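Quick caveat, the model's predicted, so the values are computed rather than measured.
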Number of protein chains: 2
Amino acid sequence: MLTERQLLILQVIIDDFILTAQPVGSRSIAKKDAVTFSSATIRNEMADLEEMGYIEKTHSSSGRVPSEKGYRFYVDHLLAPLRLSNKEIMTIREAFDDKMLEFERVVQKSAGILSDLTNYTSIILGPEVFETKLKQLQIVPLNDQSAIAILVTNTGHVEHRAFNVPVEINSSNLEKMVNILNSRLQGVPLVKLHEKLHTEISDLLKTHTDQHEQAFSYLQAALLDDHSTKLYIGGKTNILMQPEFRDLDKVRSLYATIEQENDIADLLRSGEEGINVRIGQENPFDAMQNCSLITASYKLSNNQIGTIALLGPTRMEYNRMFSLMNVLSKHMTETFKGWY
Amino acid sequence: MLTERQLLILQVIIDDFILTAQPVGSRSIAKKDAVTFSSATIRNEMADLEEMGYIEKTHSSSGRVPSEKGYRFYVDHLLAPLRLSNKEIMTIREAFDDKMLEFERVVQKSAGILSDLTNYTSIILGPEVFETKLKQLQIVPLNDQSAIAILVTNTGHVEHRAFNVPVEINSSNLEKMVNILNSRLQGVPLVKLHEKLHTEISDLLKTHTDQHEQAFSYLQAALLDDHSTKLYIGGKTNILMQPEFRDLDKVRSLYATIEQENDIADLLRSGEEGINVRIGQENPFDAMQNCSLITASYKLSNNQIGTIALLGPTRMEYNRMFSLMNVLSKHMTETFKGWY
DNA sequence: TTTAGCACTCACTTTCTTCGAGTGCTAACA
DNA sequence: TGTTAGCACTCGAAGAAAGTGAGTGCTAAA
């Protein structure tokens with residue numbers, strides 16, 4: 001168990017290191033007002049803290065640097081919740097002031113705010129799709145050969161896809177088809193669209209339209225694209241600002257990792273409700289060994305859960321980040337409340 | 001005027017430097033098969049070429065490096081059109097094989113290909129919007145309070161915007177409105193929508209629907225967003241691969257420049273039809289002083305013109321780039337042919 | 001238990017050296 | 001007259017040597 005004094009010293013070391021990115025020496029700790037004992041005492045305590053694994057030296061005569069265990073302890077026990085500055089609060093409030101009614105917009109904007117306020121990289125994961133249901137299908141003919149299929153979901157999400165209309169299909173046939181599809185598919189979850197199309201609708205279409213084969217396959221191609229959950233990333237280039245990423249190779253491999261959207265999405269999904277932190281090695285990817293990932297969940301009205309995340313070096317301003325993400329996720333949840 | 005031999009030497013220097021990014025010395029030039037004279041002769045010729053401003057030294061005893069004037073001359077007079085490799089040709093062809101029918105898709109994909117094949121950053125500018133006309137409006141009610149307005153243009157572009165439906169407006173009113181709007185606005189250029197709404201439609205709506213004011217302002221907000229031309233950027237992180245961007249500050253300022261989308265769009269627009277190159281100082285932005293920007297135009301069926309561009313260091317593989325962009329812009333033009 | 005004092009360590013910086021690729025110039029050669 | 005061999009010279013890059021200072025651990029005294 002750590003003594004009061006050790007806690008204090010650990011706190012000072014981590015706070016200082018987060019601020020300066022420089023190893024912290026005993027003398028500079030002794031200078032703090034809150035610290036009443038001498039540098040020699042601090043050295044002794046630091047030796048103990050190091051033995052317990054909370055801090056490390058970069059070389060034998062260097063100051064101390066928090067270890068991952070140290071950060072973990074800091075996050076779990078030492079975090080003093082920080083009051084956000086007025087400016088920060090205002091920025092967020094203003095952003096949510098102009099009533100946004102589309103999920104994408106809200107999320108885009110949130111990602112932007114988050115990365116701007118933090119100088120880290122923000123990643124936002126939309127909610128799972130399986131609850132999303134088809135609201136309406138529309139087909140807008142552009143000309144003789146092509147038309148646009150538009151799909152609207154109950155969440156207000158719009159997808160569209162242009163497709164070729166084979167000459168054999170006339171517009172009345174097309175209209176019929178859309179009517180049938182709408183009457184039968186409204187309310188069907190997107191993920192089940194494919195199945196449903198195959199089992200039920202196929203027959204129905206056959207009886208009502210000529211050239212069902214063609215029409216069917218074209219529509220299918222147009223509508224069954226991928227409805228996979230999207231990742232919204234903001235401030236990708238903020239990574240370059242961090243001194244721990246002076247090394248271009250590291251930047252490159254981190255970028256490569258981030259570009260594996262599916263893996264990242266899985267990672268974000270794997271957090272529990274509320275705020276989570278993954279520090280260094282706790283992250284599954286090699287390129288993220290020097291990074292921390294903070295995730296927070298937000299809720300949609302149907303109790304589905306999405307995730308916002310911040311990616312930065314392990315030396316992160318955890319307390320400010322916690323407050324920010326808390327406020328932001330609350331704003332998001334609030335915004336989405338009663339939407340569908 | 002340059003002699004044959006000087007041309008050869010200049011060519012070798014630039015080709016070599018483009019390949020290796022290292023200053024080129026007289027000995028390494030003398031080793032080339034095409035070069036039959038000694039390094040001393042080459043040194044004399046190089047002194048002349050330097051005097052004329054085509055090449056430079058990085059320091060008093062270094063090999064030579066092409067100057068911007070050198071690159072300009074190279075691009076204007078020495079460029080041997082390169083046959084693309086089969087792999088490159090196949091990559092492009094395959095990408096365009098699966099019939100894409102949406103502008104965005106084609107452009108996205110093109111930007112992706114271009115940056116992947118080149119390791120530079122690709123930027124694609126859509127065509128001007130003033131020819132784009134409204135094809136159809138649709139309103140899909142989501143629930144009592146909100147609905148989605150969908151706007152389809154003759155180019156197959158789809159925009160949508162959710163908006164609040166005030167309780168006073170019932171769905172039959174909404175429907176009426178949409179009908180009126182559609183009948184009067186079809187074929188109207190997007191840029192004139194605003195004006196038209198004000199002058200003609202406003203009155204019409206008044207006579208046909210109650211609560212016209214409300215409805216009107218809501219729809220307006222929903223539909224008249226910004227239809228500005230979008231920029232599609234691919235391979236932004238490729239910049240990090242180039243040895244001339246080892247310096248993070250340069251990268252940062254270049255990124256900052258690229259993020260000024262309007263400026264970049266203007267820059268792309270300013271090129272003439274066909275392929276253009278801007279080398280170093282020929283670019284208007286400070287951060288692009290060490291960069292070259294190659295632009296090429298593609299055509300839409302209505303003879304509107306869009307631009308694809310490649311951003312890289314002045315030490316660019318110009319000949320390969322020219323061939324690639326030629327092929328790509330042709331593919332794009334071909335794809336768009338007869339679309340609307 | 002705390003602290004002053006001191007020897008020691010080691011990254012960083014600066015200075016100096018060495019090395020070699022490359023130059024320009026000169027003189028001889030075809 | 002144009003070309004080339006030869007040679008002294010330049011200068012960056014890489015490495016070695018020396019100095020600096022922030023930091024440590026240990027010891028002994030308060």
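Looking at residues two or more places apart in sequence or on another chain, you find no salt bridge (Lys or Arg N to Asp or Glu O under 4.0 Å) involving B/Glu56. Considering only residues two or more places apart in sequence or on other chains, A/Asp116 meets the salt bridge (Lys or Arg N to Asp or Glu O under 4.0 Å) condition with none of them. Listed by chain and number, the residues in a ring-ring contact (aromatic ring centres under 6.0 Å, His included) with B/Tyr120 amount to none (sequence neighbours excluded). Partners of B/Glu51 according to the salt bridge (Lys or Arg N to Asp or Glu O under 4.0 Å) rule, which considers only residues two or more places apart in sequence or in another chain, do not exist here. Under the salt bridge (Lys or Arg N to Asp or Glu O under 4.0 Å) criterion, A/Glu68 pairs with no residue at all, not counting sequence neighbours. For the side-chain hydrogen bond (donor to acceptor under 3.5 Å, both in side chains) test, no residue two or more places apart in sequence or in another chain qualifies with A/Asn262. With sequence neighbours left out, the side-chain hydrogen bond (donor to acceptor under 3.5 Å, both in side chains) criterion links B/Asp249 to B/Arg252. Residues satisfying the side-chain hydrogen bond (donor to acceptor under 3.5 Å, both in side chains) test with A/Arg5, not counting sequence neighbours, are A/Glu45.
Looking at residues 5-19 of chain B, you'll see that no heavy atom sits under 4.0 Å from any atom of DNA chain C.
Comparing the local axis fitted to the first five base pairs of the helix from C/dT1-D/dA30 to C/dA30-D/dT1 with the one fitted to its last five gives a bend of 20°, rounded to 10°.
Separating the CD1 atom of B/Ile42 from the C1' atom of D/dA5 is a distance of 14 Å, rounded to the nearest angstrom. Straight-line distance from the CD atom of B/Gln22 to the P atom of D/dG12: 15 Å, rounded to whole Å. A/His59 places its NE2 atom 9 Å from the P atom of C/dC10, with the value rounded to the nearest Å.
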Letter per nucleotide, 5' to 3', of nucleotides 17-30 of chain C [B base touched, S only sugar-phosphate touched, - untouched; heavy atoms, 4.0 Å]: ----BBBB------
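Under the 3.5 Å distance criterion, with hydrogens and angles disregarded, no donor-acceptor pair is assigned to the side chains of A/Glu88 and A/Thr91.
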Side chains of residues 22-33 of chain A: which donor-acceptor partners sit under 3.5 Å, not counting sequence neighbours?
from: A/Ser26; atom 1: OG; to: A/Arg43; atom 2: NH1; distance (Å): 3.2
from: A/Ser28; atom 1: OG; to: A/Gly25; atom 2: O; distance (Å): 3.1
from: A/Lys32; atom 1: NZ; to: A/Asp16; atom 2: OD1; distance (Å): 3.1

